[in-house]
Protein chains: 2
Amino acid sequence: MSHTAFAPHDHSRCIADTIAAAETHCAAHKLRLTPVRRRVLEILLGAHRAMGAYDILAQIGSEGLGSQPPVIYRALDFLTGIGFVHRIEKLNAYVACTDPRPGHAPAFMICRACDAVAETPGAPGRGALDAAAAQAGFRIERAVIEAEGLCPDCDAATRADAPDLPM
Amino acid sequence: MSHTAFAPHDHSRCIADTIAAAETHCAAHKLRLTPVRRRVLEILLGAHRAMGAYDILAQIGSEGLGSQPPVIYRALDFLTGIGFVHRIEKLNAYVACTDPRPGHAPAFMICRACDAVAETPGAPGRGALDAAAAQAGFRIERAVIEAEGLCPDCDAATRADAPDLPM
DNA sequence: CCCGTTATGTTATATAGTAACCATATGAGG
DNA sequence: CCTCATATGGTTACTATATAACATAACGGG
């Protein structure tokens, strides 16, 4: 469930479910979820936040898989291509998709304090963006929508420190 | 103003007007539009598309201004800080603001064929994004909204080559 | 089993951004 | 005018992110 990334949940279950979904997807499309690709997805699912490509690379390298940049970028290209990983442009980082439905184009909420990343359900504001583009004669192929701010926990912690902030 | 970047317009005029606005803004806020800063803004206004930091740097370097990376990043930090330049996260590049009103947070339309970048008027979809964030308890501080696709001209050119594309 | 395709391994390099330090210029106050 | 505090610019060195190009290995259909 995309909007629950900020809330507690059964983590090992959400990893297993998504890996299973990726297996199914690859089988159905004659694609190969190779060891490197699978492990990268597992690592991102386990982290449950955005990770830099080189952070992931260091981890798979320490496990005996490839340790050179092209290895991780190829795996990330594959996983983003099938929609199980998203790139966060604002962070030059990557995050596992929490709701891998075909063709969805979510918006992201990025906590600047704890680096948690949550997807919004649906594609909020996409209608208004499409309308603005149509007005300009622009044909949208992809949209990047990333909100940076404070997640519920970090927002509460900030307020506890400085209780006179605006709402 | 902002939504006309894809349309023909008096270019030298829009450069002069924006430079003048920057002068006024800096005078009013006791900031200094130094030669480097001014020239960077002029270059971006003249290009009328997103440019990489190092592209701008090469140009100012060839004109006798600084030629090392910190020079350009400092100028870009200043100009983005006062809102006359925007960073395009998707491209790791920078573009002059075409409608420098205080505090505006526009969306961008990026042509993947010709690299033109236009701002949308207002902040389309911001309401829906705010609503989704509120639902999740997330406090938005900044939002990145960038649409990639084809500008009117390039879209028309593509269609001329392959007239059976979907609308 | 062979062969074409796909994936991985490896080297080298391109591109983007920052830290740290010193020099210079500017403007406020004496 | 002088001097001091601060803002800005110059320079070196470095970190972080990403890709090009080419060789090797694995898979999967004939």
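Below, chains carry the letters A, B, ... as their sequence lines are ordered, and counting in each starts from 1. All values below were derived from every heavy atom in this structure, side-chain atoms included, with hydrogens, water molecules and symmetry-related copies excluded.
- Residues A:V144 and B:E148 fail the side-chain proximity criterion, which asks for heavy atoms closer than 4.5 Å.
- The separation between B:L31 atom CG and C:dG27 atom P is 12 Å, rounded to whole Å.
- Under 4.0 angstrom from either OP1 or OP2 of C:dT8 there lies at least one side-chain N or O belonging to A:T34.
- Hydrophobic cluster membership is shared by A:M51 and A:I72, with clusters built from Ile, Leu, Val, Met, Phe, Trp and Tyr side chains linked at under 4.5 angstrom.
- Between the CG atom of B:D77 and the P atom of D:dA7 there is a distance of 15 Å, rounded to whole Å.
- Residues B:V71 and B:I82 fall within the same hydrophobic cluster, defined by Ile, Leu, Val, Met, Phe, Trp and Tyr side chains chained together at heavy-atom separations under 4.5 Å.
- Looking only at side-chain heavy atoms (C-beta outward), A:H48 and A:V117 stay at 4.5 Å or farther from each other.
- Atom CG of A:L57 and atom C1' of C:dT8 are 13 Å apart (whole Å).
- Among the heavy atoms of the strands lying under 4.0 Å from B:R74 is at least one base atom, whether or not backbone atoms are also near.
- Annotation: side chain of A:L76 is in contact with side chain of A:I56 (closest heavy-atom distance under 4.5 Å).
- B:L45 and B:F84 end up in the same hydrophobic cluster when Ile, Leu, Val, Met, Phe, Trp and Tyr side chains are linked at under 4.5 Å.
- Annotation: proximity of residues 65-72 of chain B to DNA chain C (heavy atom, distance under 4.0 Å) is found for B:P69, B:P70, numbered in ascending order.
- Taking atom NZ of residue A:K90 and atom P of nucleotide C:dA16, one finds them 17 Å apart after rounding to whole Å.
- Nearest approach of A:C97 to A:T18, heavy atoms of both residues: O-CG2, 4.3 Å.
- Atom-to-atom, CG of B:L33 to C1' of C:dT26 comes out at 15 Å; the value is rounded to the nearest Å.
- For the residue pair B:C111 and A:F138, the shortest heavy atom distance occurs at N-CE1, 3.9 Å.
- Distance, B:I60 CD1 to D:dT11 C1': 14 Å, rounded to whole Å.
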Every protein N/O within reach of nucleotides 25-30 of chain D N/O, cut-off under 3.5 Å:
none

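- For the pair A:F78/A:L31, a side-chain contact is recorded, criterion being any heavy-atom separation below 4.5 Å from C-beta on.
- When distances are taken from the side chain of A:N92 to each of D:dA18, C:dA7, D:dG10, the shortest belongs to D:dA18.
- Across the protein-nucleic acid pair, A:R38 atom CZ and C:dA7 atom C1' stand 17 Å apart, rounded to whole Å.
- Put simply, B:R37 has no side-chain N or O that comes within less than 4.0 Å of OP1 or OP2 on D:dA7.
- The side chain of B:Y54 sits closest to C:dA16 out of D:dA18, C:dA7, C:dA16.
- Salt bridge absent: A:R139 and A:E141 never bring a charged side-chain N and a carboxylate O closer than 4.0 Å.
- Residue A:Y73 places none of its side-chain N or O atoms closer than 4.0 Å to OP1 or OP2 of C:dA7.
- Counting to the nearest Å, the P atom of C:dT15 and the OH atom of B:Y94 are 16 Å from each other.
- The side chain of A:R87 places an N or O atom within less than 4.0 Å of a non-bridging phosphate oxygen (OP1 or OP2) of D:dA18.
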